[in-house]
Amino acid sequence: MTIANSLRSGPDLTGHFGAYGGRFVAETLMPLILELEAAYEASKKDPEFQAELDDLLKHYVGRESPLYFAERLTKHFGGAKIYLKREDLNHTGAHKINNCLGQILLARRMGKTRIIAETGAGQHGVATATVAARFGYPCTVYMGEVDTQRQKPNVFRMHLLGAEVRPVTSGSRTLKDAMNEALRDWVANVSDTFYIIGSAAGPHPYPAMVRDFQTVIGKEARAQMLEREGRLPDLVIACVGGGSNAIGMFHPFLDDANVEIHGVEAAGDGVDTPRHAATLSKGSPGVLHGARSYLLQDSDGQIDEAHSISAGLDYPGVGPEHSWLKDNGRVKYHSVTDRQALEAFQLLSKLEGIIPALETAHAIAHVGRVAGQMRPDQTIAICLSGRGDKDIFSVADALGAKL
Amino acid sequence: MSRLAAKFAELKKEGRSAFIPFISAGDPNMEICAAILDALPGCGADIIELGMPFSDPMADGPAVQMSSTRAIAAGATMPRVIELVRKFRKKDNKTPIVLMGYFNPIHAYGTAKFARDVAAAGVDGLIAVDLPIEEDEVLRLPAAAQGVDLVRFVTPTTDAARLGRILEAASGYLYYVSVAGVTGTKSFTEADVAAAIARVRAATTLPVAVGFGIKTPEQAATIARLADGVVVGSAIVTKIAETLGQNPEVVVKAVTDLCTSLAQATHAARPAKVETGFA
């Protein structure tokens, strides 16, 4: 459905957000992607599908998630009132489950019998393994070998949930290579396999579908802010790797002209060093993993390796809708270094008793730069996309602590 | 008549199927690759598919992935890939060259400039693995303006309606993917490929080449009896991997020995066609 004068009407019928998006996949996969698109469109019009999803979100995930006023963090930064949208309190500890439930219901509807997924930090892998267990499907999760090392607790959780974790040793052995490998699996198992993509990336219809399943975050946050403050927030913030929590948080606010929106990318060692993952800030448009979007690439079109202390942001691409939102200026994209994220990780833990995911810590660090510039009667809503239990080993390592 | 059309006309007259080897441009390095390229027509290559290396070849199995990685490490940038073709063309003006790869390096080079430069270098066709018909106009139109064919894929997942749409703007030849999967992993079954080729032939007069999973001379012969072209890639780049670090002559010989046996099997697969009236 097209909404007149709306920033929420994309993508177009061919899956493009302006110049971005599309379906850049091997011919073998095209019929599957078209079949998926048809099944997804049908599910949107099916009240039973929506009712089942809503029921699972309430009773299995624990939605709605709270919007928490972070009083001590607000006082610390000394400016706008800071609210945290607590996606970390969802079952499995992050926003990823919202999308996985939607996609596994689609898989069942399409008669698929096997689930595959890619994962970076492991949160999407855990969420996928969780829903696969809940619905009784065999599940294979591709994870870069580097990420299996730095996210060991999540690898073990996936094993407990009955999933097979296949470490990926090609390329940079991180999220992008895991996605390549999942696509290779899919093309070889086209008849029975459903690929649950966790980022708002990949070929159409994935970016739109993942976004739609994640907009529950922004819809709730918008209503909760109206209830708590009687008005919309002045600023909405989320971290951006592939961009699923961010697009889910942002999308319901896109047409609210008075709400400023900031996405926060991972700057690694710094955006002016070769080691970062700030795709929108420092990349250029190209085609990877099925879509045209901003990429980190060299002048010859070879994909650069991204770097971030946070495995979930360590990706050289970004969802196509974010590329479009960057170009049209609706969302401002900023970046935060590993060091700043580590400080924010500890700050939120100590001030609020909430250990955030390292991904989320990037958003917290950015709040530290902007909250103090704002008035005390203004408000900020941050998507607290996940909890940080999975990160304690890498944080300990970075801080030189022995566990 | 284009080099590709002339080649398929010649093969049809002779009643042969084309042997189409694939190598990655710059594998294992630019020099040895140039030597392999120069030697391929002599060992029976009718058409050459030259891979444009890409860091993230998501439709390829491990053999071609590693080949692509070696080529990038050896400095195989797009200008050097095109230069490789230009040099080959100075010595061989007959063997069609088809560049095969992924869209991003083409996009980074500039699609219009790419079409002009490859045409000027003597490239006859292009295969872009991640440009399905929904997205291929961006390359197909500038290529066509330069007289370069964009080869389209037909796969085991292509139904009749989609085949019709693929054929609407197909040119050069059709690339039939023998198995749903990545390159060099699964093996095809003869009956499946025969049925698929029959389906395609009923819908078009374009030549049909078959690739993915053809490794041995026996498999090449089986495909040669069914199709107009036999594409072998992973088995060939595996020879390069096995001879890494050895003298250039050893690498070239390993590749040409394999290609000779594959070409012979391809060419001998069908009984000689007699058109002279002397039989």
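Lettering follows sequence order; numbering is per chain, from 1.
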> Do you know which of B:P105, B:A128, B:G61, B:P156 has the most heavy-atom pairs with chain A at a distance under 4.5 angstrom?
Replying inline: B:P105
> Nearest 0.5 Å, what's the OG1-CZ distance between A:T28 and B:F212?
Replying inline: 6.5 Å
> Where do B:A108 and A:D300 come nearest, in terms of heavy atoms and distance?
Replying inline: CB-C, 4.0 Å
> Which atoms form the tightest heavy-atom contact between A:S170 and B:Q65, and what is the distance?
Replying inline: CB-OE1, 3.7 Å
> Closest heavy-atom contact between B:P132 and A:V25?
Replying inline: CD-O, 3.3 Å
> Is the backbone of A:F24 close enough, under 3.5 Å, to the side chain of B:D130 for a donor and an acceptor to pair up by distance?
Replying inline: no
> Checking B:I166 against chain A: side chain, backbone, both or neither under 4.5 Å from a heavy atom?
Replying inline: side chain
> Checking A:H16 against chain B: side chain, backbone, both or neither under 4.5 Å from a heavy atom?
Replying inline: side chain
>> Any heavy-atom pair between the side chains of A:R292 and B:H107 that's under 4.5 Å?
In response: yes
> What part of A:S299 is in contact with chain B, defined as an atom under 4.5 angstrom from a non-hydrogen atom: side chain, backbone, both or neither?
Replying inline: backbone
> Any side-chain heavy atom of A:L288 sitting closer than 4.5 Å to one from B:N104?
Replying inline: no
> Which atom pair, heavy atoms only, marks the closest approach of B:D56 to A:D177?
Replying inline: OD2-OD1, 4.3 Å
> In terms of heavy-atom contacts, does CD of B:E31 have more than 12 from other residues, nucleotides or ligands at under 6.0 Å?
Replying inline: no
> Any idea which heavy atoms bring B:F54 and A:G301 closest together, and the distance?
Replying inline: CE1-O, 3.3 Å
> Between A:E27 and B:R152, is there a side-chain N and carboxylate O pair less than 4.0 Å apart?
Replying inline: no
> To the nearest 0.5 Å, how far apart are CD in A:E35 and OG1 in B:T157?
Replying inline: 10.5 Å
> Measuring heavy-atom distances to chain A, does B:T77 have an atom under 4.5 Å in its side chain, in its backbone, in both, or in neither?
Replying inline: both
> Taking B:R162 for the side chain and A:M30 for the main chain, is one N or O donor matched with an acceptor at less than 3.5 Å?
Replying inline: no
> Quick one: what part of B:A161 sits under 4.5 Å from any heavy atom of chain A, side chain, backbone, both or neither?
Replying inline: neither
>> Would you say that A:R184 contacts B:P57 through its side chain, given a criterion of any heavy-atom pair below 4.5 Å between the two side chains?
In response: yes
> chain A heavy atoms under 4.5 Å from B:Y109: which part of the residue, side chain, backbone, both or neither?
Replying inline: neither
> By a 4.5 Å heavy-atom criterion (distance strictly below it), what part of B:D60 contacts chain A: side chain, backbone, both, or neither?
Replying inline: backbone
> Roughly how far, to the nearest 0.5 Å, is OG of B:S55 from CG of A:D298?
Replying inline: 7.5 Å
>> Can you confirm whether more than 12 heavy atoms, excluding those of B:K87, are under 6.0 Å from its NZ atom?
In response: no
>> Within the supplied structure, the quantity of interest is the number of heavy atoms (other residues, nucleotides, ligands) at a distance under 6.0 Å from A:E41 CD; does it exceed 12?
In response: yes
> Taking every heavy-atom pair that is under 4.5 Å apart, which of A:E181, A:H289, A:K176, A:Q302 has the most such pairs with chain B?
Replying inline: A:Q302
> What part of B:P62 lies closer than 4.5 angstrom to a heavy atom of chain A: side chain, backbone, both or neither?
Replying inline: neither
> Which pair of heavy atoms, one from A:V190 and one from B:A180, lies closest together, and at what distance?
Replying inline: CG2-CB, 4.0 Å
